[in-house]
Amino acid sequence: MARNKIALIGAGQIGGTLALLAGLKELGDITLFDVVDGVPQGKALDIAEASPVEGFDAVLKGGSDYSAIEGADVVIVTAGVPRKPGMSRDDLIGVNTKVMQAVGAGIKQYAPNAFVICITNPLDAMVGVLREVSGLKPEKVVGMAGVLDSARFRYFLAEEFKVSVEDVTAFVLGGHGDTMVPLARYSTVAGIPLPDLVKMGWTSQEKLDQIIQRTRDGGAEIVGLLKTGSAFYAPASSAIAMAESYLRDKKRVLPCAAYLTGQYGVSDFYIGVPVVIGAAGVERIVEVQFTADEKAAFDKSVAAVKGLVETTKKLMSSAA
Ligand code: A3D
């Protein structure tokens with residue numbers, strides 16, 4: 001059986017980490033693409049030279065022409081610019097909308113059958129632009145944010161409870177931004193929901209509220225520390241989990257930015273919800289019942305994303 005092909009558009013901090021992880025996990029052959037000539041080729045060669053030591057077989061290539069991504073089974077998009085201290089994800093919208101238009105056209109021409117995972121920020125709006133320009137079906141284009149946001153939540157909870165990260169599940173919905181909605185009721189330690197753990201004295205409501213806020217600010221915390229860019233190890237791990245679920249038809253239930261057509265009262269744009277990812281792409285959107293407070297928080301997040309989507313529409317029509 002031929003190996004799968006994974007194309008990484010953007011060979012920066014996340015792109016390079018994605019290539020290394022895809023190699024280590026033997027997900028397939030890997031092509032890095034970037035507009036800066038030399039960088040994708042250099043990273044591809046460097047990682048290929050690690051393969052004898054790590055013991056994985058993959059063909060790694062780099063290129064600056066879209067033909068390099070031809071026939072890819074999975075495309076992961078990180079092209080664009082990340083934020084710097086003091087910037088919000090939304091400040092990137094002008095430059096990254098233009099980048100998504102170029103990337104979407106490249107995917108349309110060379111990888112129309114791929115499963116596409118967008119990471120570029122502001123995520124919920126950028127994945128929408130990418131889908132529209134590429135012309136792919138909505139179930140084949142998703143955004144990575146919820147896996148990362150819930151991984152941060154899981155890590156902070158595991159640290160608080162002094163239990164394995166493996167036994168903590170977390171549920172984060174909504175847009176990838178300050179309005180994201182971590183849901184305590186559906187987050188658990190080995191199946192015990194967080195509100196029960198508060199009642200059992202494992203933590204206080206105040207501490208839990210602080211952890212939820214730290215999760216919302218998780219990206220800014222890393223930007224503040226790094227000063228030159230944003231998080232890249234955990235974002236890359238998160239997108240690889242999504243790619244693996246697709247390529248191996250694992251049907252994992254993962255929070256992703258998915259195109260909604262009426263679910264959660266949202267129509268025709270992307271927002272973070274739990275989905276099942278398998279060989280057909282997004283195979284199911286999981287719709288849970290909200291309490292009144294949860295609904296209010298989700299609706300606030302939806303309104304924030306809708307504002308960004310409208311901005312991209314204006315940017316795209318003025319460029320046309
Ligand atoms: P960085 O290391 O700057 O890499 C971006 C790469 O994109 C650079 O190598 C650029 O040369 C390249 N690039 C720019 N324009 C184009 C183009 N038109 N075509 C192809 N390549 C291009 O950034 P990064 O890897 O740290 O982050 C990439 C993106 O991911 C940024 O927009 C971040 O904000 C975003 N990000 C999202 C999350 C989410 O959870 C959604 C988390 C972390 C970062």
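Worth knowing before you read on, the calculation uses all heavy atoms, side chains too, and leaves out hydrogens, waters and symmetry mates. Atoms within each ligand, like the ligands themselves, are counted from 1 in listed order.
- Residues Val282 and Leu173 are members of one and the same hydrophobic cluster, defined by side-chain heavy-atom contacts under 4.5 angstrom among Ile, Leu, Val, Met, Phe, Trp and Tyr.
- Within the 4.0 Å heavy-atom criterion, neither part of Arg89 lies near ligand 1.
- Both the sub-6.0 Å distance and the 45° axial angle are not jointly satisfied by Arg131 relative to the ring of Tyr270.
- Residue contacts with ligand 1 do not include Gly229, since none of its heavy atoms lies under 4.0 Å from the ligand.
- Residue contact check: Val81 has heavy atoms under 4.0 Å from atoms 31 (C), 32 (O), 34 (O) of ligand 1.
- The closest protein non-hydrogen atom to atom 2 (O) of ligand 1 is Gln13 N, 2.8 Å.
- If you look at Val39 next to ligand 1, there are no close heavy atoms at all, none under 4.0 Å.
- With respect to atom 29 (C) of ligand 1, the closest heavy atom belonging to the protein is Thr78 O, 3.5 Å.
- Summary of contacts: the protein heavy atom closest to atom 18 (N) of ligand 1 is Val99 CG1, 3.5 Å.
- Side chain of Lys84 to main chain of Lys227: no donor-acceptor pair is present (N/O by atom type, distance under 3.5 Å, no hydrogens or angles).
- Sorted by first and then second residue, the salt bridge (Lys or Arg N to Asp or Glu O under 4.0 Å) pairs with a member in residues 41-66 form an empty list; sequence neighbours excluded.
- Counting only heavy atoms from C-beta outward, the side chains of Val133 and Met100 never approach each other to under 4.5 Å.
- Contacts of Asn121 with ligand 1, taken as heavy-atom pairs under 4.0 Å, involve both backbone and side chain.
- Counting atoms of ligand 1 from 1 in the listed order, those under 4.0 Å from a heavy atom of Met144 are 39 (C), 40 (O), 41 (C).
- At a heavy-atom cutoff of 4.0 Å, ligand 1 is contacted by both the backbone and the side chain of Ile14.
- Closest protein heavy atom to atom 4 (O) of ligand 1: Gly12 CA, 3.3 Å.
- Only the side chain of Pro235 comes within contact range of ligand 1, with a heavy atom under 4.0 Å; no backbone atom does.
- Interface of Asn96 with ligand 1, defined as ligand atoms under 4.0 Å from a residue heavy atom, comprises 32 (O).
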**Request:** Give the C-alpha distance, both sets of side-chain angles, the deciding distance and a yes or no for salt bridge (charged side-chain N to carboxylate O under 4.0 Å, His left out) between Glu160 and Lys207.
**Result:** CA-CA 9 Å; Glu160 166 69 3; Lys207 191 73 217 272; 3.2 Å; yes
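- Proximity to Leu92 (heavy-atom distance under 4.0 Å) selects the following atoms of ligand 1: 34 (O).
- Using a 4.0 Å cut-off to heavy atoms of Ser230, the atoms of ligand 1 that qualify are 44 (C).
- Heavy-atom minimum distance, Pro182 versus Ile212: CG-CG2, 3.7 Å.
- Proximity of the aromatic rings of Phe33 and Tyr66 is defined here by a centroid distance below 6.0 angstrom, and this criterion is met.
- In this model, no donor atom of one side chain and acceptor atom of the other lie less than 3.5 Å apart for Asp209 and Gln213.
- Two rings, from Tyr264 and Phe290, have their centers less than 6.0 Å apart.
- Any N or O atom pair closer than 3.5 Å counts here, and Asp34 shares at least one such pair with ligand 1.
- The shortest contact between atom 37 (C) of ligand 1 and any protein heavy atom is with Ile119 O, 2.9 Å.
- At a heavy-atom distance under 4.0 Å, only side-chain atoms of Leu123, from C-beta outward, approach ligand 1.
- Shown in contact with His176 at under 4.0 Å from a heavy atom are these atoms of ligand 1, numbered in order with element: 39 (C), 40 (O), 41 (C).
- Thr97 contributes a side-chain N or O that, together with a main-chain N or O of Ile93, makes up a donor-acceptor pair within less than 3.5 Å.
- When the options Gly10, Ala11, Gly80 are ranked by their closest heavy atom to atom 13 (N) of ligand 1, first place goes to Gly80.
- Counting only heavy atoms of the protein, atom 3 (O) of ligand 1 lies nearest to Pro82 CD, 3.3 Å.
- Atom 43 (C) of ligand 1 has Ala231 O, 3.4 Å as its closest protein atom, hydrogens excluded (heavy atom only).
- Ionic pairing of Arg3 and Asp29 is present here: one or more N-O contacts between side-chain nitrogen and carboxylate oxygen are shorter than 4.0 angstrom.
- Applying the salt bridge (Lys or Arg N to Asp or Glu O under 4.0 Å) test to Asp73 and every residue at least two apart in sequence or in another chain returns nothing.
- For atom 21 (N) of ligand 1, the closest heavy atom belonging to the protein is Ala79 CB, 3.4 Å.
- Shown in contact with Val36 at under 4.0 Å from a heavy atom are these atoms of ligand 1, numbered in order with element: 11 (O).
- Close contacts of ligand 1 with Leu148, meaning ligand atoms under 4.0 Å from a residue heavy atom, involve 40 (O), 42 (C).
- For Glu221 and Arg214, the salt-bridge test passes: some basic side-chain N is under 4.0 Å from an acidic carboxylate O.
- Counting heavy atoms from C-beta outward, Gln101 and Val129 have side chains that approach closer than 4.5 Å.
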